[in-house]
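All values below come from the heavy atoms of this structure, side chains included, with hydrogens, waters and symmetry mates left out. If you're wondering where the values come from, they're calculated on a predicted model, not measured in any experiment.
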Amino acid sequence: MRGDAETTRATGSPPALRRGACPTLAAPMQTGDGLLARLRPASGFFTAAAFLDLLDAAEAFGSGRLDITARGNLQIRGLRAESVAPLSAAVARAGIVPCEGIAVEVPPLAGLDPSEWADPRPLARKLAERIADSGLDLAPKLAVIVDGGGRLHLDGVAADIKLVAGAADPRPVWHLLVAGRPTGVSGSVDAMIEAAMSVVADIAAYGSAARARDLPAEPLPPGSSSLALREAAMSPVGRFDLGASVVLGVAPAFGQMAAHIVRPLILAAVAEGVSAVRLAPGRAILLVGPAGWNTSVLVSLAASLGFVVHAGDPALRIDACAGQAGCASGRIDTHAVASHLIAHAPALMDGSLDLHVSGCAKGCARPRVADLTLVAMSCDGRPGLSIVLGGRAGDSPVATKRLEDGPSAITALGQRVAETVEKGESAAACLQRLGPARIAAAFSAARFNGIDHAGL
Ligand code: SF4
């Protein structure tokens with residue numbers, strides 16, 4: 001990595017991002033609003049002071065806009081080639097050591113939550129060191145998780161390799177999953193590091209772009225230990241009384257925030273004794289405060305600053321990218337579309353659907369398939385809004401409307417579902433029953449309703 005940093009300083013330009021790689025401080029990614037660098041602290045948290053320094057640096061060297069990704073990484077937007085090296089220096093001065101190479105992720109409350117089976121961090125550190133020392137040429141997006149359980153366990157987060165703690169006397173036992181499948185392999189920390197490294201080597205043998213899904217699926221050995229099914233993880237938004245600490249989770253709308261909006265929240269949190277900031281899958285900020293912390297004042301402040309403070313807020317159900325407000329490639333105001341969806345199509349917001357709003361076909365906010373995607377596309381050579389079912393932003397839409405008809409189309413689809421849904425039926429089941437043709441018809445029939453939705 002030193003070589004990369006020296007290259008950056010010597011040429012004034014960050015090195016090109018390897019295809020399929022994750023953008024880092026050393027190799028940021030070109031986006032519609034400049035370079036983007038992703039940052040994950042090796043420690044798993046930021047001190048509150050370091051996070052404030054980072055906000056200053058994001059404003060000084062970037063556009064001041066930051067994202068929290070679906071996996072809980074921080075992205076700093078709007079960098080220029082010549083501002084990347086000064087940003088790296090500012091990060092170092094703040095005492096933040098970025099995670100380099102393959103990250104081994106742990107739940108965001110790791111080590112704080114008394115309900116976890118085991119603190120996963122020591123195992124995660126050892127495994128990360130072993131992977132780094134192996135010298136294997138691995139896919140940059142290879143995902144490795146060590147999950148000790150607890151309120152915000154990572155069952156819902158995909159990984160190539162997962163070690164999951166389960167109950168056993170006298171110590172917890174760790175179970176190995178590969179590509180989401182149980183392997184029946186379980187054991188102590190040391191044994192599972194060897195087991196995980198064996199899988200890492202198997203993956204590497206398939207090439208530098210290989211993932212665990214490329215491995216042949218092995219049948220479970222007879223009599224192998226199994227993992228107990230767990231309840232779904234809680235939302236990261238809310239108050240967590242963890243005994244020795246209280247953690248408050250809030251979420252910037254659609255995971256995007258401006259440094260000058262977050263700063264007053266962090267400053268107020270510090271005044272209330274918050275010492276650390278963690279980022280969580282689900283695009284949330286976790287403020288780690290003292291035992292017995294009464295979070296009500298901070299919740300009110302966060303709400304007034306536009307943060308989501310209730311776990312049931314429908315905004316948490318929608319993945320939306322920066323759109324035209326923060327990205328030169330954006331053709332729609334994604335936040336306005338998402339807000340219209342929430343306000344005017346409540347029948348779609350029952351929590352059964354994964355919803356995605358994208359400013360262009362690239363689909364940055366959700367590379368995975370969504371049940372329903374609204375994406376900016378051309379309509380007869382003019383700006384349009386398309387609906388994609390069960391696909392990605394770049395997939396073929398079932399219908400496209402002119403942009404000015406977009407709000408009416410969303411409202412009409414919501415009304416169609418509200419009129420069609422049967423008692424006890426979810427929106428997802430209703431859409432399934434309606435099928436693509438009738439969904440497209442509902443979306444397409446809408447006409448401009450005379451209300452100016454400029455910017456949508
Ligand atoms: S998907 Fe959104 S953030 Fe990504 S390039 Fe397109 S408009 Fe920009």
Side-chain angles (χ1 to χ4, degrees), residues 22-23 29 31-34 36-41 45-46 51 54-55 58 62-79 103 105 108 152 154 156-158 233-238 248-263 265-266 277-287 302-303 305-327 329-330 332-339 341-342 349 351 353-360 362-368 370 373-375 392-393:
C22 300
M29 178 175 75
T31 68
D33 59 337
L36 174 151
R38 189 173 296 166
L39 177 63
R40 185 178 192 90
F45 67 92
F46 300 94
F51 197 75
L54 193 57
L55 296 178
S63 62
R65 297 201 64 80
L66 304 109
D67 306 330
I68 305 175
T69 70
R71 293 187 84 101
N73 293 310
L74 188 71
Q75 294 186 157
I76 303 165
R77 303 192 72 100
L79 301 167
E105 300 162 71
L152 300 184
L154 298 180
V157 181
M234 297 171 71
S235 167
V237 172
L248 175 65
V250 299
F254 312 115
Q256 292 141 36
M257 54 195 180
H260 72 274
I261 300 291
V262 195
R263 187 177 291 108
L265 182 73
I266 304 298
V277 175
R278 297 186 180 200
L279 304 181
R283 308 180 196 277
I285 298 177
L286 305 184
L287 303 166
L305 290 168
F307 287 85
V308 174
V309 297
H310 299 296
D313 193 310
L316 295 173
R317 303 292 313 174
I318 303 176
D319 290 310
C321 73
Q324 67 184 182
C327 175
S329 300
I332 54 172
D333 182 339
T334 46
H335 293 196
V337 172
S339 298
L341 195 53
I342 293 167
M349 304 304 306
L353 292 167
D354 291 323
L355 302 163
H356 180 196
V357 180
S358 187
C360 77
K362 194 172 172 199
C364 297
R366 190 180 172 97
R368 291 171 293 135
T373 299
L374 295 167
V375 53
R392 298 177 176 82

Hey, what do you get for [atom1] ([X]) to [atom2] ([Y]), rounding to the nearest 0.5 Å?
X    : Y    : atom1 : atom2 : result
L279 : I68  : CG    : CD1   : 5.0 Å
I76  : L55  : CD1   : CG    : 9.0 Å
I261 : I266 : CD1   : CD1   : 12.5 Å
L36  : C327 : CG    : SG    : 10.0 Å

Taking all non-hydrogen atoms of both residues, which atom of [X] and which atom of [Y] are closest, and how far apart?
X    : Y    : value
G351 : R317 : O-NH2, 2.7 Å
L154 : P108 : CD2-CD, 4.2 Å
A58  : L66  : CB-CD2, 4.0 Å
R65  : A258 : NH1-CB, 4.1 Å
V250 : A302 : CG1-CB, 4.0 Å
F254 : A338 : CZ-CB, 3.4 Å

Criterion side chain to side chain contact (heavy atoms under 4.5 Å, CB included) against R283, the qualifying member of D319, V237, V308, L316: D319
Identified side chain to side chain contact (heavy atoms under 4.5 Å, CB included) counterpart of R366 within the set I318, D354, L355: D354
Evaluation steps, side chain to side chain contact (heavy atoms under 4.5 Å, CB included), between L287 and V277: CA-CA 5 Å; L287 303 166; V277 175; 4.1 Å; yes
Any donor-acceptor N/O pair, T334 side chain to C321 backbone, under 3.5 Å: yes
Within-4.5 Å side-chain heavy-atom neighbours: V262 and I285: yes
M349 side chain near I342 side chain, heavy-atom distance below 4.5 Å: yes
For A393, side-chain contact (heavy atoms from CB on, under 4.5 Å) partners two or more places apart: H356, S358, T373, V375
Test side-chain contact (heavy atoms from CB on, under 4.5 Å) applied to A37 - qualifying residues, sequence neighbours left out: L25, P28, L79
Pairing residues for F46 by the ring pair (Phe, Tyr, Trp, His ring centres under 6.0 Å) criterion, not counting sequence neighbours: F51
Going by the rule side chain to side chain donor-acceptor pair (under 3.5 Å), which residues pair with [X] if we only count those two or more places apart in sequence or in a different chain?
X   : answer
R77 : D33, D67
R38 : Q75
R40 : N73

